[in-house]
Amino acid sequence: MSEAIARSMNVEMYWQKLGCNFAQVDRIFDECMKEAMALLSKEGVNAYIENARFLGKMGRGPEPLLVYLEEAPGVAAQIGEEALVDLREFAHYMSTHTNFKAMVPFLQTSGSVARRLHSYDVFKQYVEVIRDMMDRTSGSVHGHHTTFPSPGLPDLLKQAPRLLSALSLEGFRNWVEYGITYYNTHPERQVDYFTLQSADAHAVMQRERHGTLLIDNERKLDSYMRALWSDHDRLIPYSLAFDELRKPMPYFDEIGIRLPDVYDDQHGVSGIDRYRASLAHMAAHRRWSQKMVVDNWSPFQRIAVEVFEDSRVEYLAMQRYPGLRKLFLALHPIPNEADLQLQDRSLINLRLAMVSRAILDPDYSYENADVREFVGRFFAEMEKGESSSSAIASIALSFIARTRRQTDASPNTYFENTEVDYRDDNRHLWIFIENSDEEESYEKEPKVQEEEELKGLPPRHYHEWDYNTQQYRPDWVSVYEAMHPSGNSTKIDNLLAKHAGLAKRLKQMLEMLKPQDKVRIRYQEEGSELDLDVAIRSLIDFKGGCAPDPRINMSHRTDGRDVAVTLLLDLSQSLSEKASGCDQTILELSQEAVSLLSWAIEQVGDSFAIAGFHSNTRHDVRYYHIKGFSERWGDEVKSRLAEMEAGFSTRMGGAMRHAAHYLKAQQADKKLMLILTDGEPSDIDVDDEQLLIADARQAVNELDRDGIYSYCINLDPKADEYVADIFGRQYTIIDHVDRLPERLPELFISLTK
């Protein structure tokens with residue numbers, strides 16, 4: 001049985017399980033199931049169908065079910081399959097409430113919200129904020145049963161993705177709380193607030209908009225981990241807003257690295273540097289720490305081992321990167337030794353904080369003999385090399401035995417200037433032979449991302465234009481970028497040799513493009529030639545007894561051309577087809593044309609980049625770097641170009657926006673994006689042919705606003721039906737594809753004269 005037939009039978013089986021009679025659902029079910037089976041485990045797909053069946057039987061019409069089927073797989077893929085139950089339960093809670101009409105906006109925005117929050121725990125807290133707002137703003141006649149729905153709830157749900165793009169979850173909660181407090185008895189003003197139309201809404205939003213959000217710096221921090229530590233893992237935010245008794249600490253486990261969703265500037269250290277300090281500390285643990293069996297250790301012994309082990313890995317990290325010391329010192333508290341005289345509380349945290357600070361800071365002044373002795377023992381151990389977790393643990397256990405006091409058992413514990421908040425909670429150090437509550441709380445969970453995904457950069461999310469509603473779908477498209485695989489560069493050299501005659505003709509045309517204007521730069525002590533006028537004047541001054549001007553030389557710079565070009569290649573499956581009237585495929589002809597164009601641009605000296613793209617639904621747009629702006633046209637670039645392959649579909653708008661992200665950063669007077677494609681924008685998860693055409697047109701408008709001139713070279717003979725709708729007059733259709741190697745360089749020359 002073929003895979004396609006088996007897949008079709010599975011879809012039919014799930015349709016029977018859904019037990020739905022809505023015609024609207026029938027029309028989208030196959031595509032939704034394809035996405036669900038691609039993103040979810042088998043158990044996840046079963047849960048997806050069971051929850052969908054429940055929503056379809058609630059008696060609220062087809063719309064909640066439709067939206068759930070479309071959004072739930074993306075939510076589950078982003079934050080975990082357990083979120084499927086939360087979506088269903090809260091939607092059901094709304095259906096039994098006077099706010100049942102808010103079900104659809106809640107489900108519609110759940111995907112965008114999940115991508116912003118990036119964590120199941122934080123998403124659950126978001127749902128609780130919405131539940132609290134709904135309960136408190138819904139009205140009742142007699143005070144017992146809610147009668148009137150919340151005026152602002154639907155609008156809050158619609159604005160949630162925008163708000164969470166600017167605020168942490170704590171800031172979002174505070175913003176919602178303000179609206180509830182001040183507008184609960186004014187329905188019209190409540191609507192104005194939650195639609196962001198009132199001045200108060202913007203003022204409170206700006207007040208709560210503080211700190212550095214993890215979600216906005218995820219790619220930067222991921223690059224930091226890769227570059228400095230050759231390490232990588234998923235960065236998962238948690239919120240500090242809901243745990244008032246004990247603020248959670250950073251940590252890492254099998255799922256990823258957990259960090260606060262926002263860091264404020266502190267002690268002169270920016271939020272982004274606080275993230276870097278925390279990641280550097282955990283990366284050091286991941287490299288140098290070993291697990292230890294701790295069933296027979298007391299809590300005090302474990303605390304001491306944690307502090308000494310933290311100091312060991314930071315010591316090793318600072319040896320590798322000395323600049324970390326300044327960062328750690330700024331964030332590490334300075335304990336007050338005088339408080340060791342206190343008799344009414346446990347001081348174990350203070351003594352350990354003194355040890356930690358003394359190891360970190362050579363200028364830390366203290367007198368305690370025990371601390372001094374064990375700091376000396378620490379450095380003596382580290383002089384032997386990297387040491388080990390078990391060796392440092394022995395020193396820590398001896399420290400506890402030496403310094404233990406009767407008052408350490410006091411419930412009144414000293415904490416002032418002892419908590420190092422950039423360090424993790426060290427759960428990764430412990431092995432429990434016997435089951436315990438702590439072991440259960442740290443239970444391992446399976447990784448939610450495939451190993452292949454973990455090797456690449458995190459996705460960059462882009463909005464997509466919906467012409468039906470005349471608004472953007474926020475964070476709708478996920479673009480994954482990677483360096484294109486390499487092949488044999490001699491293949492490109494052979495292609496260039498094949499077109500040697502054409503290259504010779506092009507070279508004559510290119511000579512006309514090269515900047516000819518020379519600007520003279522005078523009054524230079526060193527230059528390319530002598531400036532006679534200044535030299536004669538200096539000689540006269542010298543003969544007359546005056547100090548001569550030493551700036552007697554001059555040089556020249558070329559003026560007149562400042563162009564940056566991005567060549568964006570459509571690598572969809574249709575490129576593997578044979579070109580009409582030719583034995584070569586469209587892909588092979590494209591390789592020849594791009595090779596000639598790259599050679600031509602290199603001759604002129606313009607800054608240029610080459611990238612390719614294809615897509616497999618909105619969740620997976622692949623963007624491949626073939627040549628960067630800073631790279632030279634050489635064997636390495638040729639090898640990537642030689643390995644080009646065709647596959648999947650053509651979601652053009654997201655790829656153009658991502659290419660523009662790099663092109664905008666170039667310092668050039670003229671910025672040109674050339675899009676080489678053989679068909680209209682399309683993807684397997686889109687039925688409306690006009691949807692991606694309209695989005696590509698919107699992307700062209702966005703590029704135009706950013707000062708980027710876009711131009712399409714289309715190889716589709718039927719392109720007249722759609723290409724003008726996207727690019728206006730900025731396109732050329734090449735009917736005879738076999739002439740592409742000749743036409744593409746000529747088009748570039750005509751566009752950049």
Backbone N/O of [Y] and side chain of [X]: donor-acceptor pair under 3.5 Å:
X      : Y      : value
Arg697 : Asp725 : yes
Asp466 : Tyr472 : no
Asp685 : Arg618 : yes
Arg274 : Asp264 : yes
Lys671 : Lys664 : yes
Tyr275 : Val262 : yes
Asp706 : Ile708 : no
Tyr224 : Arg276 : yes
Ser710 : Met673 : no
Asn714 : Ile733 : no

Problem - Cationic N near anionic O, under 4.0 Å, Arg116 to Asp216 - result: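 Asp216 and Arg116: salt-bridged.
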Exercise for the section: Using a strict 4.0 Å threshold on nitrogen-to-oxygen distance, state whether Glu602 and Arg632 make a salt bridge. Expected result: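 Looking at Glu602 and Arg632, the cut-off is met.
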Practice task
Assess whether atom CD of Glu643 is packed by more than 12 heavy atoms of other residues, nucleotides or ligands within 6.0 Å.
Solution key: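 Above 12, so yes.
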Exercise for the section: Starting from the C-alpha separation in whole Å, work towards a yes-or-no answer on salt bridge (charged side-chain N to carboxylate O under 4.0 Å, His left out) for Lys670 and Asp606. Expected result: CA-CA 10 Å; Lys670 184 174 184 178; Asp606 292 338; over 6 Å; no
Problem - Heavy-atom side-chain contact between Trp476 and His461 under 4.5 Å - result: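 A side-chain contact under 4.5 Å is absent here.
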Practice task
Determine the sole option in Glu631, His484, His625 for which the side-chain hydrogen bond (donor to acceptor under 3.5 Å, both in side chains) test with Arg640 is passed.
Solution key: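 By the side-chain hydrogen bond (donor to acceptor under 3.5 Å, both in side chains) criterion, Arg640 pairs with just one of Glu631, His484, His625: Glu631.
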Exercise for the section: Drop me the distance from Ser278's OG to Asp273's CG, to the nearest 0.5 angstrom. Expected result: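 The OG atom of Ser278 sits 12.5 Å away from the CG atom of Asp273.
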Would [X] and [Y] count as having a side-chain donor-acceptor pair, cut-off 3.5 Å?
X      : Y      : result
Tyr662 : Glu481 : yes
Tyr422 : His281 : no
Asp570 : Ser572 : yes

Handout entry: Intermediate values then yes/no, side chain to side chain contact (heavy atoms under 4.5 Å, CB included), Ser270 and Thr212
Key = CA-CA 8 Å; Ser270 66; Thr212 302; 5.8 Å; no
Exercise for the section: Could you tell me whether Phe172 and Tyr126 have their ring centroids closer than 6.0 angstrom? Expected result: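 Distance test on ring centres: under 6.0 Å, yes.
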